[in-house]
Engineer: 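Structure provided below as structure tokens; questions to follow.
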Amino acid sequence: MNLIIFGGFLGSGKTSLILSLAHFLVEKQCPNKQNLVIIENEVGETGIDDKVLKSKGLSVKELFSGCICCQLSSDLILTLNDLRENVDPEWVIIETTGLAYPSKILGTLNKYGKGIESIRIVSVVDAERFEELTEIAPILIKSQISDGNTILINKVDLVTDEQLKNIEHSVKEVNPKASLHKVSANKDINDSIWKEVAKSNE
Amino acid sequence: MNNHEHDHSHCEEHHHHHHCDETEEDLYGELNEVPAVFSYTESFEIGKEVKGDKLQESFVHWIEGLRKWAVENKHFIGHIKIFVKDEKDFNLWAATTGKKINVKTFSENNDYDIKNITVNMTAIVFGTDEETLKSVVLKKLDEELLCYMN
């Protein structure tokens with residue numbers, strides 16, 4: 001199993017980007033939908049994003065009422081073990097809650113995960129709220145950025161060029177090693193970005 | 001609180017409010033680090049003839065009401081999102097982070113009277129408590145749906 005973990009604050013656009021990645025993986029990488037499973041983690045008792053993903057015919061496993069980086073870390077391992085034994089998908093996309101620290105999830109997976117061939121973290125940055133969020137939740141936002149192998153600055157259509165330049169600069173300061181892309185999830189995402197994310201698993 | 005209407009034109013250092021009289025609390029109210037989370041699922045029987053477009057309007061209005069409530073009370077919206085569907089083809093996803101409301105539908109045909117709907121919603125809001133959030137969410141939903149019930 002190759003894991004792609006999506007991190008990023010609440011409302012940053014993770015689900016929309018996952019829909020795009022899932023479409024790419026199903027179309028270009030693994031035509032059999034059983035080869036792709038999405039694990040949807042939400043802090044609320046009711047899932048919303050899982051229903052959006054399911055309405056597109058995708059296979060979704062739900063982990064609700066907590067965060068897989070803390071309260072539900074063992075549930076994540078149990079879910080992945082169950083998937084490995086019963087489905088053995090090539091790809092598993094994990095959508096974290098917007099309050100999650102991806103590095104904590106990575107720590108759990110490295111310690112207890114089985115049958116995992118690769119793990120890649122995609123961090124989604126909300127360009128529209130970047131300034132506010134870095135004031136309100138600086139530690140969380142910094143951590144979500146620094147944990148990413150790939151960083152997608154989303155909603156670039158909602159900020160000025162000057163703002164975008166500043167965001168890019170701030171992101172690079174926190175995580176100079178990550179591959180950085182500017183996107184708008186409401187529009188088509190260039191396949192080359194998803195190729196890069198998927199390529200890391202080859 | 002992300003839609004605060006504080007005028008920054010007089011602030012040279014907007015980021016840190018160095019030259020503003022307002023403190024962060026003035027701008028944003030009391031920020032609790034742990035957000036209030038309210039999740040809700042309920043099915044409704046629609047007693048009157050109503051089509052998808054009209055229902056969509058009401059649900060978007062519901063979200064807008066919650067957004068305004070949060071802004072007026074200086075709360076910070078983590079995310080408010082809903083997914084509504086009927087037993088046929090109607091489905092609606094709408095969400096806001098306090099800015100504009102994003103709406104997506106995956107329906108092929110909304111041109112029929114909707115009989116039953118299931119509403120799923122989650123609101124994650126900083127600066128308030130779960131009881132208050134629940135009360136506001138349900139009150140505003142009642143206001144929107146009452147006209148469709150017998």
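Numbered from 1 within each chain, the chains take letters A, B, ... in sequence-line order. The model shown is predicted, which means the values in this text are computed figures rather than measured ones.
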Engineer: In Å, rounded to the nearest 0.5 Å, how long is the span from CG of A:Leu133 to OG1 of B:Thr97?
Structural biologist: 8.5 Å
Engineer: Is it the backbone or the side chain of A:Leu140 that comes under 4.5 Å from a heavy atom of chain B, or both, or neither?
Structural biologist: neither
Engineer: Is atom CG of A:Asn110 surrounded by more than 12 heavy atoms (other residues, nucleotides or ligands) closer than 6.0 Å?
Structural biologist: yes
Engineer: Tell me, for B:Ile82 versus chain A, whether the close heavy atoms (under 4.5 Å) come from the side chain, the backbone, both or neither.
Structural biologist: backbone
Engineer: When rounded to the nearest 0.5 angstrom, what distance separates CD in A:Glu45 from CZ in B:Phe38?
Structural biologist: 9.0 Å
Engineer: More than 12 non-hydrogen atoms from neighbouring residues, nucleotides or ligands closer than 6.0 Å to NE2 on A:His181, yes or no?
Structural biologist: yes
Engineer: With a 6.0 Å cut-off (strictly less than), is the heavy-atom count around CD of B:Glu49, excluding the residue itself, greater than 12?
Structural biologist: no
Engineer: Taking everything shown except B:Lys51 itself, do over 12 heavy atoms lie less than 6.0 Å from its NZ?
Structural biologist: yes
Engineer: Can you tell me how far apart CZ (A:Arg129) and NZ (B:Lys99) are? Round to the nearest 0.5 Å.
Structural biologist: 7.5 Å
Engineer: Indicate whether the side chain of B:Thr41 and that of A:Thr46 have a donor and an acceptor atom separated by less than 3.5 Å.
Structural biologist: yes
Engineer: Look at atom OH of B:Tyr112 and say whether more than 12 heavy atoms of other residues, nucleotides or ligands are closer to it than 6.0 Å.
Structural biologist: yes
Engineer: Looking at B:Phe83 and A:Val52, what are the two nearest heavy atoms and their distance?
Structural biologist: CD1-CG2, 3.9 Å
Engineer: Looking at every non-hydrogen atom in both residues, tell me the closest pair between B:Ser39 and A:Gly44 and how far apart they are.
Structural biologist: OG-CA, 3.1 Å
Engineer: Which residues from residues 130-143 of chain B are near chain A, with near meaning under 4.5 Å between non-hydrogen atoms?
Structural biologist: none
Engineer: Output the residues of residues 10-21 of chain A for which the shortest heavy-atom distance to chain B is under 4.5 Å, in residue-number order; output 'none' if no such residue exists.
Structural biologist: A:Leu10, A:Gly11, A:Ser16
Engineer: Throw together a table of side-chain donor-acceptor distances under 3.5 angstrom for residues 63-80 of chain A, partners on residues two or more places apart or in other chains.
Structural biologist:
from, atom 1, to, atom 2, distance (Å)
A:Gln71, OE1, A:Cys67, N, 3.0
A:Ser73, OG, A:Cys70, O, 3.2
A:Thr79, OG1, A:Asp75, O, 2.7

Engineer: Who passes salt bridge (Lys or Arg N to Asp or Glu O under 4.0 Å) against A:Glu42, sequence neighbours left out?
Structural biologist: B:Lys81
Engineer: How are the rings of B:Phe126 and A:Phe9 set relative to one another: parallel (under 30°), tilted (30 to 60°) or perpendicular (over 60°)?
Structural biologist: parallel
Engineer: Crowded around B:Asp113 CG? As in, over 12 foreign heavy atoms under 6.0 Å?
Structural biologist: yes
Engineer: Say you draw a straight line from CD1 of A:Ile48 to CH2 of B:Trp93; how long is it, rounded to the nearest 0.5 Å?
Structural biologist: 10.0 Å
Engineer: Should we count NZ of B:Lys104 as having more than 12 external heavy atoms under 6.0 Å?
Structural biologist: yes
